[in-house]
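Remarks on the structure that follows.
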Amino acid sequence: MTLIKSISGIRGTIGGHTGDTLNPLDIVKFTTAYATFIGGKKIVVGRDGRISGPMVRDVVCGTLVGMGYEVIDIGLATTPTTELAVRWHEADGGIIITASHNPTQWNALKLLNREGEFLTAADGAEVLRIAEAEDFNYAPVEQLGHVVKDDTMNQQHIQSVLDLRLVDVEAIKARKFRVCADTINSVGGIILPELFKALGVEFEILNSECTGQFAHNPEPLEKNLQGIMDKMKQGGFDLGIVVDPDVDRLAFICEDGRMFGEEYTLVSVADYVLSSLECTHTQNSTLTTVSNLSSTRALRDVTEKHGGKYTAAAVGEVNVTTKMKEVGAVIGGEGNGGVIYPESHYGRDALVGIGLFLSSLAQKKMTATQLRATFPDYQIAKNRIDLTPETDVDAILVKVKEMFAADPEATVNDIDGVKIDFPTKWVHLRKSNTEPIIRVYSEAQTMEEADQLGKRLMQVVYDMQ
């Protein structure tokens, strides 16, 4: 496996005898480069439940101490918890030790600015430049830093969710929900039970122990979730809840065991937020939403239903949050189950998503199945193509653009890979920022049509490899 360096940090596999995997030398170099770039005094460090987490944390914290920093080690914590902790501690930055939805052998360093948000493209590029040049110095012995442990951030995160004005705690408690959650043997198993208790929700947790030994592929997609889907089909639960290892992605399962739809996590939460704000916003302003180019059209439809305006951004959380700030969006996120609610913070947060979704169900007195039926029904096919070292991705994208340039029904957008919009469907082809793959997402009114469109583009790639 190859070490993946991007503007958001570094990611790779732990161990191995050859190749550029994520080894302690990489961790020291990139942590040092980041600390050099930040140029402050205090950095927050949090990690998910991966087996390699303690090793990576020790190397990261030791390196920061060597750079003269006060390190706030918040221990086992979700990605959004760590993001919020940067603000609450008034730190200069933060490092999240997590490989998100990747399998257990992977780990990564995700880098935050003083706002607890991911670095911009320019800032990330500068960190990579510093690392490559090894243009840094360590602190003299009299100025070495130190580590301070803080185990209060999870509870503070939960309280911040309860305090959100659109999280209707009383309505949720009155509804007496019973939920089943799959926390995939990571930090969700620590924080979600405490959130459920605070909301008065009865719960059962699958894969609850934070061992890092993931019981199944940790990406919260239907093909990986048969266990909780079967559990839901047995009855007795109002909702199934699934998170990834760092708890920034969120998927729901209906009371009958069918997927609510990963793409519809954001759609449903946005519908609730927009409907709640419609009567309070001024006539001189427009409620706006943002998602990335690979997300469902249903968000656009729901936004326009409420008289709002939808805007698309390039894929990547920092691109979505940048666009959200630019247009003043009240809600946004990504179709992979990532909900970004600015009233809380500019980061994907499954806890916030759960609080808002349960509030919507409680106020509307609906089941999950009934709520899902109120939204436009699109089907999205998510395919991937593994890349070889010889693959010329730029040439592939040029070829795809040429294929549709003369089509009067096609609108081509190339701000992030190539997306081709048709009147009733679309397809988006782009290189992943985190894995050596090309993602091919396509959406239409039936899964067959969506998959057929995606496969057509995939064949172009295969023919060029």
Side-chain angles (χ1 to χ4, degrees), residues 6-9 38 43-44 46 74 77-96 98 100 110-124 127 153 156-161 163-167 243-244 246-250 265-267 269-270 272-274 277 285 287-295 299 303 308-357 416 433-434:
S6 72
I7 60 171
S8 59
I38 290 295
I43 290 177
V44 171
I74 65 171
T78 74
T79 282
T81 305
T82 309
E83 292 169 346
L84 288 163
V86 171
R87 285 178 15 201
W88 292 331
H89 274 281
E90 298 182 343
D92 300 293
I95 297 177
I96 309 169
T98 176
S100 190
K110 293 185 177 181
L111 310 177
L112 305 174
N113 62 22
R114 66 176 61 251
E115 300 300 323
E117 299 167 15
F118 290 118
L119 300 184
T120 64
D123 289 348
V127 172
M153 291 294 96
Q156 193 164 331
H157 186 182
I158 291 169
Q159 188 59 51
S160 74
V161 173
D163 291 340
L164 293 172
R165 58 195 172 115
L166 293 186
V167 173
V243 294
D244 64 341
D246 67 327
V247 198
D248 62 352
R249 288 174 61 173
L250 173 65
T265 297
L266 174 59
V267 174
V269 171
Y272 170 65
V273 170
L274 290 166
L277 296 179
S285 64
L287 295 173
T288 59
T289 65
V290 173
S291 66
N292 67 42
L293 287 167
S294 282
S295 300
L299 179 62
T303 302
K309 182 179 179 181
Y310 166 78
T311 303
V315 174
E317 184 171 326
V318 69
N319 296 319
V320 174
T321 56
T322 298
K323 182 61 70 173
M324 288 177 68
K325 293 174 184 178
E326 179 185 317
V327 302
V330 295
I331 187 77
E334 300 183 286
N336 60 10
V339 174
I340 302 172
Y341 186 45
E343 187 172 316
S344 174
H345 64 119
Y346 280 102
R348 295 181 301 180
D349 192 330
L351 277 72
V352 169
I354 290 168
L356 293 172
F357 188 87
D416 183 12
N433 293 327
T434 58

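Positions are given from 1, in the same order as the sequence printed here. Not measured: the values here are computed from a predicted model.
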Could you tell me whether the side chain of V243 reaches within less than 4.5 Å of the side chain of L250, counting heavy atoms only?
-> yes
Side chain proximity check, T303 to L287, heavy atoms < 4.5 angstrom | no
Got a sec, which residues hit side chain to side chain contact (heavy atoms under 4.5 Å, CB included) with N113, two or more places apart in sequence or on another chain?
-> E115, E117, L119
Listed by chain and number, what are the salt bridge (Lys or Arg N to Asp or Glu O under 4.0 Å) partners of K309, not counting sequence neighbours?
-> none
Would you say E326 and T311 make side-chain contact, with heavy atoms under 4.5 Å?
-> no
What is the distance from atom CD1 of I340 to atom CG of L266, rounded to the nearest 0.5 Å?
-> 8.5 Å
Beyond-backbone contact of I96 with E83, side-chain heavy atoms, under 4.5 angstrom | yes
Can you list every pair that meets salt bridge (charged side-chain N to carboxylate O under 4.0 Å, His left out) and has a residue in residues 346-356, with sequence neighbours left out?
-> D248-R348, E317-R348, E334-R348
Point-to-point distance, once rounded to the nearest 0.5 Å, from NE2 of H345 to OG of S160 = 7.0 Å
Pairwise distance CD1(I38) to CG(D123) - rounded to 0.5 angstrom = 7.5 Å
Can any side-chain N or O of T81 pair as donor or acceptor with the backbone N or O of H157 at less than 3.5 Å?
-> no
Any V273 side-chain heavy atom under 4.5 Å of L166 side chain | yes
What do you reckon, is CD of Q159 surrounded by more than 12 foreign heavy atoms closer than 6.0 Å?
-> yes
Measure the shortest side-chain to side-chain distance between Y310 and V290 over non-hydrogen atoms and say whether it is less than 4.5 angstrom.
-> no
When every non-hydrogen atom of A91 is compared with those of V44, the smallest separation belongs to CB-CG2, 3.9 Å
Atom pair OG1 (T98) and CG (D244), whose distance is rounded to the nearest 0.5 Å = 7.0 Å
